[in-house]
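So the structure is just underneath, and the comments pick up after that.
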Amino acid sequence: MQLLSSYLLPTEREDPADAEARSHRLMVRSGLIRQIGAGLWSWMPAGWRIHSRVCDVIRDEMEAIGGQEMLMPVLLPAEAWKRTGRYEIDELFKLEDRKGAEMVLAMTHEEAVTSHVAQVVRSYRDLPLILWHLQTKERDEPRPRAGVLRTREFIMKDSYSFDCDQAGLDEAYEKHSQAYERIFDRCGLEWYRVESDVGMMGGSGAHEYMAPCAAGENEVALAPGYAANVEVASAQAQEVELPPIIAEPETVETPGLTTVEQVSKSLGVSSGALLKAFPVITDDRLVLVLVRGDHRVNETKLTNALGSPFRQATNEEIEEGIGPVGFIGPVGSDCEILLDEAATAGQYIVGANLVDAHLRGVEPGRDFSFKSVDVRSVEEGDLVNGHPIRIEPAIEIGNIFRLGTRYSEALDAFYLDSDGVRQPIVMGSYGIGPARIVAAAIEQLSDDSSMIWPRNIAPWDAEVVVLGGEGSDELAAGLKLATELEEAGLTVVVDDRSDSPGAKFADADLLGVPVRLTVGKRGLASGQVEVKVPWHPEDRMLALETAVSAVAEERASSN
RNA sequence: CGGGGCGUGGCGCAGCUUGGUAGCGCGCUCGCUUUGGGAGCGAGAGGUCCUCGGUUCGAAUCCGAGCGCCCCGACCA
């Protein structure tokens, strides 16, 4: 058993001044973590116990799907990163060793693991493989935030699957999907699996696991049977009332009115009756993107629709290629035009490409030609399968990617198939952030000054709070209880410090050990101990002799 | 990288406008008392006032430069 009198649990009475997110505040106050630099955190002993328990759950489930645990270095030669094209990433820490050799600090381990597999795997008989490790990742984040939610160094569980073909990858992907489901359930989280963008990892399909909570950095769009990161979400737009049809486009004076709001107000129409122009430069050409006036361009979806990165056009480029800034529109423009598909059939108001003028009655297709794309961000209330979506903030706690052959081809990870033909290995990559699971649990389950950990990730199973100092009957009885709890198979922490009862209760609330037994003079006089457990949240007085067996039995039969 | 804020004992803060040699609460140490929701009394310890430079008889305070940290945004597995 652990005695708190000899344990480093640096709790604080007051919130740290600079903490905003609840998990950040509570983790610092409860002595789980301490900061040592921007985005750099140490796990104090109790915090590390929690982190370790999360890792234990992960290890258990990774082994259950046949994953093989290994360990790769954080410090890596730059060579492989140059070959995969990821050496250019700004977040990648780069350094030289004393001989001047170029090194990097791993931000993930595709390069390392694929290099090994390239050397070792020769035949289809060597596949499939799932290799994984729990290892430190280093990322030069431009803005670390919210305690351990976004840090420059963190531990990640990353696994990598290697298969002969797409069918094999699908199988590995599905195995991970099921393992992740069990991991997040066992960690006691509310979570969603959402469709996600493939981002810098490249590849052909990906999902993210999202834990909804206020401190989340991501937004997810949710409807019955539907969940997607808003970066990629699609939904049916809400209807908008369009003005009456007119025979042909007509110029209207709009002196000085350059925003959607100004124009719609001045003309007495809803903002959705306008088309908003969003000129971008991609691959050195100018493209005019149009979305409904009440919608926003989604940069991820636009990047995917364009097939390459883009930037907003400068005012000079707009003036030269389209028209006066503030009044640009598609009619008469000879640049490529993308029209968001939420702008359905009808007539819209657009910029006239003349200073102080717009055109009304403009009909896409008749008055300008376009390519139809889905590039807007979904809005709360849009429909999926007839159901309105809601949008919630969430923490990304895990992700799974179908990588395909990007890394195997770049790093020569090929095998010979049964016909003796050389084939690229088909890869997947799968990450989980244990620290984010810890933070998400707090976000979802704590209030401002107390926590109750899910049983599978709690730092201890039971805490015995002794209300009595050195040499007291309470302490003797408390230690006896703790011993019996351990014999019943629980891990136990005992608050045997000489602080006042209030201070001990406050710390116990902060620490959040699920089962709490309080031994005080009052109960002791009648041979009783006070018991508080998550499955029976009201305080109960139980007889000293039966308390341990009662708690152990109840615990075994609750989830 | 843009915007905003902050750097003063371990923690939370005041002092800065108007320069005069650093203070409060909590915590810590010792003693006595106290023990069911952050105890009481008494006595103590602990600070390069982020750094460097400048102004001045004198700088926590004024000026300049730099560093660090937080928040919002951009970006991001």
Side-chain angles (χ1 to χ4, degrees), chain A residues 8 10-21 24-25 28-29 31 34-41 86 89-92 106-110 137-147 149-158 196-203 206-210 215 217-218 229 231 299-300 303 309 311-312 395-401 403 429-433 435-436 449-450 465-475 495 497-510 516-525 528-530 532 539 541:
Chain A
L8 182 63
T11 57
E12 291 291 342
R13 183 184 288 250
E14 293 171 78
D15 278 335
D18 51 15
E20 206 62 34
H24 181 188
R25 276 190 278 122
V28 172
R29 273 197 64 194
R34 286 273 161 143
Q35 183 171 29
I36 203 156
L40 298 171
W41 292 84
R86 295 211 295 180
I89 293 174
D90 289 335
E91 281 74 24
L92 184 66
M107 53 190 296
T108 116
H109 280 84
E110 279 82 5
K137 303 290 179 277
E138 307 283 349
R139 294 181 187 177
D140 196 358
E141 288 288 346
R143 182 156 104 80
R145 63 177 288 271
L149 275 190
R150 182 164 215 83
T151 54
R152 294 195 293 175
E153 173 177 299
F154 61 99
I155 291 172
M156 178 159 90
K157 187 289 299 180
D158 41 326
S196 74
D197 186 50
V198 294
M200 77 167 196
M201 304 287 291
H207 289 86
E208 289 164 339
Y209 291 81
M210 295 287 192
E217 295 188 283
N218 296 88
N229 193 315
E231 287 180 347
E299 301 199 355
T300 304
T303 302
R311 62 172 173 82
Q312 288 192 36
I395 298 175
E396 183 188 346
I397 48 177
N399 53 47
I400 54 179
F401 284 91
L403 286 179
S429 115
Y430 317 86
I432 290 181
R436 285 186 169 184
S449 58
S450 72
V465 179
V466 175
L467 303 183
E470 212 173 326
S472 65
D473 293 344
E474 294 92 316
L475 182 55
D495 193 346
R497 298 172 300 182
S498 57
D499 291 290
S500 70
K504 291 184 179 184
F505 288 136
D507 274 2
D509 288 341
L510 281 171
R516 185 189 307 178
L517 298 92
T518 306
V519 184
K521 198 168 281 178
R522 234 158 48 187
L524 218 48
Q528 291 182 309
V529 57
E530 180 185 318
K532 194 174 167 192
D539 296 348
M541 297 302 292

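Naming: A, B, ... by sequence-line order, numbering from 1 per chain. Values below: every heavy atom of this structure, side chains too, minus hydrogens, waters and symmetry copies.
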When we call it a touch if two heavy atoms are under 4.0 Å apart, what does [X] touch: a base, just sugar-phosphate, or nothing?
X: A:Asp90; value: nothing
X: A:Arg25; value: nothing
X: A:Arg29; value: base
X: A:Tyr430; value: nothing
X: A:Gly431; value: nothing
X: A:Arg436; value: base
X: A:Glu396; value: sugar-phosphate

Could you verify whether a donor N or O on one side chain and an acceptor N or O on the other, from A:Ser196 and A:Asn229, lie under 3.5 Å apart?
no
Please tabulate the protein-to-nucleotide N/O contacts below 3.5 Å involving nucleotides 68-70 of chain B, giving atom names and distances.
from, atom 1, to, atom 2, distance (Å)
B:C69, OP1, A:Ala38, N, 2.8
B:C69, O3', A:Gln35, NE2, 3.4
B:C70, OP1, A:Gln35, NE2, 2.7
B:C70, O3', A:Asp18, O, 3.3
B:C70, O2', A:Asp18, O, 3.1

Integer-rounded Å distance: [N] [atom2] and [X] [atom1]:
X: A:Met156; N: B:A77; atom1: CE; atom2: P; value: 11 Å
X: A:Asp473; N: B:U35; atom1: CG; atom2: P; value: 14 Å
X: A:Asn229; N: B:A77; atom1: CG; atom2: P; value: 11 Å
X: A:Arg516; N: B:G37; atom1: CZ; atom2: P; value: 13 Å
X: A:Arg139; N: B:A77; atom1: CZ; atom2: P; value: 8 Å
X: A:Asp140; N: B:A77; atom1: CG; atom2: P; value: 14 Å

Using the [atom1] atom as the reference point in each nucleotide, state the distance between [N] and [M] in Å, no decimals.
N: B:C62; M: B:A14; atom1: P; answer: 15 Å
N: B:A74; M: B:G2; atom1: P; answer: 15 Å
N: B:G40; M: B:C49; atom1: C1'; answer: 33 Å
N: B:U56; M: B:U61; atom1: C1'; answer: 13 Å
N: B:G46; M: B:G4; atom1: P; answer: 42 Å
N: B:G25; M: B:A45; atom1: P; answer: 16 Å
N: B:U48; M: B:G5; atom1: C1'; answer: 25 Å
N: B:G53; M: B:A59; atom1: C1'; answer: 13 Å

From CD1 (A:Ile432) to CG (A:Asn399), nearest 0.5 Å
9.0 Å
Measuring from A:Glu141:CD to A:Arg152:CZ, what's the distance to the nearest 0.5 Å?
9.5 Å
Nearest nucleotide by nearest heavy atom, which residue falls closer to the 5' end of RNA chain B, A:Asn399 or A:Leu467?
A:Leu467
Take A:Glu141 and A:Gly147, find for each the nucleotide of RNA chain B with the closest heavy atom, and name the residue whose nucleotide sits nearer the 5' end.
A:Gly147
A:Ala506 side chain, from C-beta outward: closest of B:A77, B:C11, B:G38:
B:G38
Tell me which nucleotide, if any, is Watson-Crick or G-U wobble paired with [N] when both distances must be under 3.5 Å.
N: B:A39; result: B:U33
N: B:G2; result: B:C72
N: B:U21; result: none

Pick one: which of A:Leu524, A:Thr518, A:Val529 meets side chain to side chain contact (heavy atoms under 4.5 Å, CB included) with A:Glu474?
A:Leu524
Which residue is it: A:Thr151, A:Leu92, A:Thr108? I am looking for the one with a side chain to side chain contact (heavy atoms under 4.5 Å, CB included) to A:Arg139.
A:Thr108
For A:Asp499 and A:Lys504: C-alpha separation, side-chain torsions, deciding distance, then whether salt bridge (charged side-chain N to carboxylate O under 4.0 Å, His left out) applies.
CA-CA 7 Å; A:Asp499 291 290; A:Lys504 291 184 179 184; over 6 Å; no
Can you say whether a donor on the side chain of A:Asp15 sits under 3.5 Å from an acceptor on the base of B:G12, or the other way round?
no
It should be established whether A:Arg143 places a side-chain nitrogen or oxygen under 4.0 Å from OP1 or OP2 of nucleotide B:C72.
yes
Using 4.0 Å as the upper bound for N to carboxylate O, is an ion pair formed by A:Glu217 and A:Arg145?
yes
Please enumerate all protein N or O atoms sitting under 3.5 Å from an N or O of nucleotides 25-31 of chain B, with distances to 0.1 Å.
from, atom 1, to, atom 2, distance (Å)
B:G25, N2, A:Glu14, OE2, 3.4
B:C26, O2', A:Arg13, NE, 3.2

